Every structure is written in C-alpha cells, then in structure tokens.
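Remarks on the structure that follows.
These numbers come from a predicted model, not from an experiment.
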Amino acid sequence: MKGENLIPLTNQFLYLSAQFNTHMERRTRVRFAPSPTGPLHMGGVRTALYNYLIAKKTGGDFILRIEDTDQNRFVPGAEEYIIESLRWSGIIPNEGVGFGDGPYAPYRQSERKAIYRQYAEQLVKDGNAYYAFDSAEELEHTRKLMEAEKSAFSYNGITRIKLKNSLTISPDEVAKRLTSNESYVIRLKVPLNEEIKVKDIIRGWVSVHTAEMDDKVLFKSDGMPTYHLANVVDDYLMKITHVIRGEEWLPSAPLHVLLYRFLGWENVMPEFAHLPLLLKPDGNGKLSKRDGDRLGFPVFPLNWKDPETGELSSGYREKGYFPQAFVNMLSLLGWHAGSNQELFTMDELIQEFSLDRVSKSGAKFDPEKTKWFNMQYLKLQTDDELTKLYLADIKERIKSGTLVFNEKENPNFHFLTSNTEYVKEIVRLIREKAHFVNEFWDLSSFFFIAPESYDPAVISKKWNENTKAFFIALRDNYAKTEALNAATTESIFKQTAEPTGIKSGELMHLFRVLMVGLAKGPDLIGMVVLLGKEEVVKRLTNAINKL
RNA sequence: GGCCCGUUCGUCUAGGGGUUAGGACAUCUCCCUUUCACGGAGGAAACGCGGGUUCGAUUCCCGCACGGGCUACCA
C-alpha cells in the first residue's frame with residue numbers, strides 16, 4: 001500500500017498499458033480456481049468475491065476454473081457445492097464450470113489434461129526442466145534419513161546431480177526409460193544463483209533467492225500436471241490479467257514467475273495479489289472446519305454432509321443468514337472502504353472495492369459481528385418479505401415435526417399459521433427483536449399456541465387473591481365489550497385496575513404472563529388486540545382456572 | 001530448522017512524522033419501556049520491545065520478540 005503500490009489498480013493498469021504494448025487493450029480477466037476436495041470454505045468465498053468485484057468494477061470477466069488435477073483427493077459433490085455456494089452468494093462467474101462455457105472451455109483441468117504435457121516437454125527441450133525417475137518411496141526415504149540428522153531434504157540445484165534424472169543419466173538411458181513403462185515426473189530446473197522478484201499488489205516487491213527454491217514437480221507420473229504448471233498454463237491460455245488468491249500461495253509465486261519466464265510469457269504475466277488469511281476467532285491460525293464445529297458457527301456457506309463419514313457441517317444459508325449479509329461481512333474481512341460505511345450492497349462493493357485497500361495482516365473471524373450484519377439486513381426487509389420468510393419457516397417446522405402443540409387446545413392453529421395477514425401483524429410486532437427470521441417462532445409462538453404454563457417467578461410473586469379478583473373482573477369486562485382495539489383494551493384495563501389500588505405496572509406484567517406464559521415479549525396492548533377478544537377471554541379464563 | 005509474510009482497543013479496522021489516535025462489533029452505565037429486544041446517550045479499552053534517523057516517532061530505517069504461511073508426484 002505504500003510507494004509504488006499507491007497507484008490504484010485501474011490507474012496502475014492504464015499506466016502499464018501506456019508503457020507496454022502487450023498490456024494494451026487487455027481486458028481484465030480474473031479467475032477463482034478452487035479444487036473440489038471438499039466444501040468451499042468461507043475464506044474461499046471471500047477470494048471469489050474479491051475476484052468478482054475487480055472484474056465487475058473494470059467491466060472484465062470472472063471465471064470459475066475447477067482445479068482437479070489431484071485425482072486422489074477428489075470428493076464427490078464438492079464441485080456442485082462450489083457452484084451452488086457462489087450462486088447463493090450472488091458471486092456469479094460469467095464463464096466457467098456450471099456457468100456456461102466461454103471461449104476458453106473446458107474449465108475443468110481434468111478435461112484439459114492433454115494440454116499440459118506439451119508445455120512441460122517444451123520446458124525440458126529448452127533446458128529449463130528435466131525428467132526425474134526417483135520414486136516417491138526413494139525420496140521419502142531420503143527425506144526421513146535427513147530429518148533424523150536434523151536437516152531438510154530438498155530436490156534442488158545441489159541434490160539433483162546425485163539423483164536419478166535426465167541430468168545425471170545418459171541420454172540413451174533416458175530415452176530407454178521414457179519408452180519403457182517406467183514412471184517419471186518432470187521437474188523444474190531452478191537456476192542456480194538468482195534473485196527472483198515478485199510484485200504483489202498488496203505487499204509490494206517480494207524476493208526469493210533461487211537457492212531457497214526446490215525443483216518442483218511440474219508434471220506427475222500419473223500424466224497430470226501439478227497445480228503450479230496447470231495454473232500458469234491455464235492463466236496464460238485464458239488470458240488472465242490478475243491472480244488474486246490466498247496468502248498461502250505467496251511462497252510459490254516466485255516459482256510461477258520462473259515458469260512464465262521459461263515459457264516466454266513474462267510480458268503477459270498477470271499481476272499478483274495475495275490476500276491475507278482468515279484466522280480462527282480464538283487463538284491463532286488459519287480458520288478451519290474444526291473451529292466451526294468447536295465454536296458453534298458455520299465455516300461454510302452451505303450445509304455440507306461429508307460423503308464418507310456422513311458428518312454434517314453447518315452453513316450460513318441453513319443457519320438463516322441472508323446471503324447479502326454474509327457477503328457484506330466477508331467483504332470487510334481484510335478490506336476497508338476508507339470511510340465509516342460498513343453496510344454495502346453488492347453494487348456499492350463493486351463501486352468501492354480496490355485491492356490497494358486490502359490489508360496485509362490476517363483477519364480473525366468474529367461470529368458476533370456476523371450476527372449483527374444479519375440483523376442489519378433483516379431491518380432492510382419489508383414486512384411482506386419477512387412474512388413470506390416466516391410463513392416458510394413455520395411450514396418447515398411443521399414438516400420437520402419440530403413444532404409440537406396440543407391440537408385440542410388450539411383448534412385454530414392451522415388456520416392461524418397460514419393466515420398471511422395475521423402473520424404479517426405478528427411480524428410487525430416482533431421484527432425488531434430478532435437477528436434472524438428463524439428466531440421469529442420463539443418470539444411469537446404464543447400467537448398460535450396458547451400458553452400451558454406461566455412463568456413461575458412472576459406468578460409466585462404477584463398472583464394472589466387480589467390480583468386474581470382483578471383478572472376475573474377484567475375478563476368479564478372484556479367479554480362484555482364489542483371489540484378490543486387499542487383504545488378499548490387500554491381504557492377497560494385502566495377502569496378495572498383503578499378501584500383495586502394495585503399498581504397498573506404490576507398488573508400489566510401479570511397480564512402479559514397470563515397471555516403468553518412469559519415475562520417478555522412484544523407490546524402488550526398490540527398483542528391483546530391481535531389475539532382478539534375471544535382468544536383473550538379464553539386465555540384469561542384458562543389462567544384463572546389453572547392458577 | 002529454513003524461507004517468506006505480518007504486528008494500532010478483546011475483535012475487524014481508520015490514520016499517519018506533531019492527532020483529545022477515529023469508527024464498528026463485543027462489554028459496562030444511563031435513558032426509552034409493563035417486560036425482552038430494538039433504539040439513543042455516555043464510559044472503559046490500542047500503536048509488541050529495543051535501538052537509530054529527527055527538534056519531534058505510533059508513523060521512516062535496523063534489530064529482536066511474537067504470530068502466521070510455506071517447506072508433497074496436495075491444491
């Protein structure tokens with residue numbers, strides 16, 4: 001964010017365009033490139049979001065590419081999960097797996113398998129890579145041996161001359177091994193004594209000496225490329241202009257720079273931006289699946305059921321979060337608009353977002369603030385929208401059988417729970433008390449189901465012969481009234497209360513408990529009016545008989 | 001261990017050579033209210049440490065400490 005990086009991305013881009021013809025007229029193209037090894041983590045959603053925002057801001061393209069080069073780690077359903085997560089979050093790629101093919105299809109690396117080999121072989125031909133025949137077991141053995149001597153093994157410029165590869169074996173022998181069925185990998189030949197510099201939009205220049213780098217495998221013995229090769233090749237082929245990814249990739253960025261150089265693509269190399277990590281709320285370290293289970297908040301956008309263990313991990317969607325709240329919260333984990341604004345629509349995010357305001361340090365995730373965000377979005381909904389959501393929630397509760405009640409005591413239950421107007425009135429009374437729509441039920445179940453018990457703390461303290469007499473009188477007076485509206489409800493209450501000499505606050509409190517069973521809830525008068533004369537009289541009678 | 005990255009209230013962060021170091025969540029107090037929330041007002045709360053540079057450093061530089069990431073034929 002300092003020095004040269006002060007120039008905003010877009011300006012920086014224009015600035016570069018003026019200097020290099022190769023950058024001229026390059027349309028912004030970014031990609032989100034997860035591997036389908038499990039459910040998409042919320043940190044992944046944030047990465048996707050930042051990519052999306054940059055694309056939209058610059059009128060460019062946002063691509064979803066599936067990096068499934070590791071056949072061993074494939075998890076069924078993971079790809080669909082990724083697609084569904086992005087869709088729910090409103091982060092919609094305009095090209096890629098699940099979102100329609102663009103001009104660079106296919107977007108699944110396993111389907112691009114044939115493409116990578118030629119580049120790996122080109123690298124070998126140019127002397128920048130070599131065949132290596134050491135088996136995984138042999139290398140593992142060496143690694144263990146050196147570990148025992150408290151040093152680390154690295155396949156690099158020093159060790160490669162002692163290992164089994166095309167640099168140490170005669171060309172004839174190599175040719176023989178290649179044509180026979182012996183398995184081999186292709187490794188990058190990292191130059192001996194060089195400083196590799198990577199320019200990162202967020203961190204500035206990062207440099208690493210080649211002596212610290214190892215000869216990474218580019219092409220595996222199963223015929224698949226590794227991440228490094230596939231990533232660079234695809235980014236080049238798909239004309240990616242900005243690589244925006246998690247910080248865990250920063251250490252391998254110099255390797256990627258080397259690859260661009262050796263492949264002759266340095267002039268169209270994308271710009272890099274390595275995002276700070278999302279950290280667990282307590283202690284330190286990367287936010288992981290375990291933390292959600294342990295601390296009771298979702299780490300994933302959607303529910304996920306592990307196909308092997310059957311273990312269920314909860315998602316923001318199923319917990320009742322609005323996708324907009326989820327995205328808004330995510331946007332602010334590591335980015336700041338520079339103003340005091342915290343609530344952003346997606347359009348506003350597109351407008352305001354820039355990579356040079358992304359912070360460098362990891363952000364501890366705060367589940368509490370996430371709830372606050374959801375409440376803010378709840379407030380933004382209309383009564384009608386919330387009614388619709390509440391109705392759906394009730395239906396779901398009935399369907400799942402989590403809602404139990406006495407059918408005889410509540411003959412109107414099904415009528416009430418499907419009465420849109422009635423439910424809307426309830427929503428008006430309780431909406432301000434909730435952070436989530438799924439809290440509505442607990443805040444208002446008494447509108448559908450008459451109380452069967454009464455808060456004992458209040459009853460034992462305030463229920464006596466005098467108050468009982470009052471409520472009998474009140475019941476009778478209400479029964480005699482035409483209808484209960486706010487005015488009559490209140491005036492009759494007062495008229496009845498006055499002669500008793502009991503504080504009306506006390507009586508109100510008791511009245512509430514007799515109506516709903518609890519010592520808390522929405523406005524009492526509003527509640528009574530909504531329940532209606534008949535129901536109020538019935539509930540009073542019930543209470544008088546029971547207590 | 002090695003390499004790389006980072007470090008402002010408990011948390012997310014703003015800021016930046018001279019500021020009463022700002023905001024938000026959480027927390028506390030008060031107000032609103034029959035209650036619970038919501039809302040409003042206010043409070044407590046931070047520049048990791050040591051050296052430089054400078055008239056002056058939280059801000060710039062260097063060390064250290066601490067934290068994190070990477071160190072696979074995983075991404």
Identity of whatever pairs with [N] - Watson-Crick or G-U, under 3.5 angstrom:
N	answer
B:C36	none
B:A46	none
B:C55	B:G18
B:A65	B:U7

Whole-angstrom distance between [N] and [M], as gauged at atom [atom1]:
N	M	atom1	answer
B:C9	B:G18	C1'	22 Å
B:U8	B:U13	C1'	9 Å
B:G50	B:C66	P	16 Å
B:A65	B:U11	P	22 Å
B:U27	B:A46	C1'	16 Å
B:U71	B:C61	C1'	30 Å

From the list B:U34, B:C5, B:U7, which nucleotide is the closest neighbour of the side chain of A:R203?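 Nucleotide nearest to A:R203's side chain: B:C5.
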So if I take every side-chain heavy atom of A:S361 and compare against B:G1, B:U7, B:G23, which nucleotide ends up nearest?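 The listed nucleotide nearest to A:S361's side chain is B:U7.
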Could you check whether A:K364 gets within reach of a base, just the sugar-phosphate, or nothing at all, counting any heavy atom under 4.0 Å?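 Since only primed, P, OP1 and OP2 atoms lie under 4.0 Å of A:K364, the category is sugar-phosphate.
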Within the 4.0 Å heavy-atom criterion, would you say A:G334 contacts the bases, only the backbone, or no part of the nucleic acid?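 The residue A:G334 makes sugar-phosphate contact but no base contact.
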Between A:K216 and A:D214, is the closest basic N to carboxylate O distance under 4.0 Å?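 So A:D214 pairs with A:K216 through a salt bridge.
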A:E385 (side chain) donor-acceptor with A:T382 (main chain) under 3.5 angstrom: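 Side chain of A:E385 to backbone of A:T382, a donor-acceptor pair under 3.5 Å: yes, one is there.
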Contact string for nucleotides 68-75 of chain B, one letter per nucleotide 5' to 3', B = base within protein heavy-atom range under 4.0 Å, S = sugar-phosphate only, - = neither, reads SSS-SBBB
Counting primed atoms plus P, OP1 and OP2 as sugar-phosphate and everything else as base, spell out the protein contacts along nucleotides 35-40 of chain B at 4.0 Å heavy-atom distance: B, S or - for each nucleotide, 5' to 3'. BBBSS-
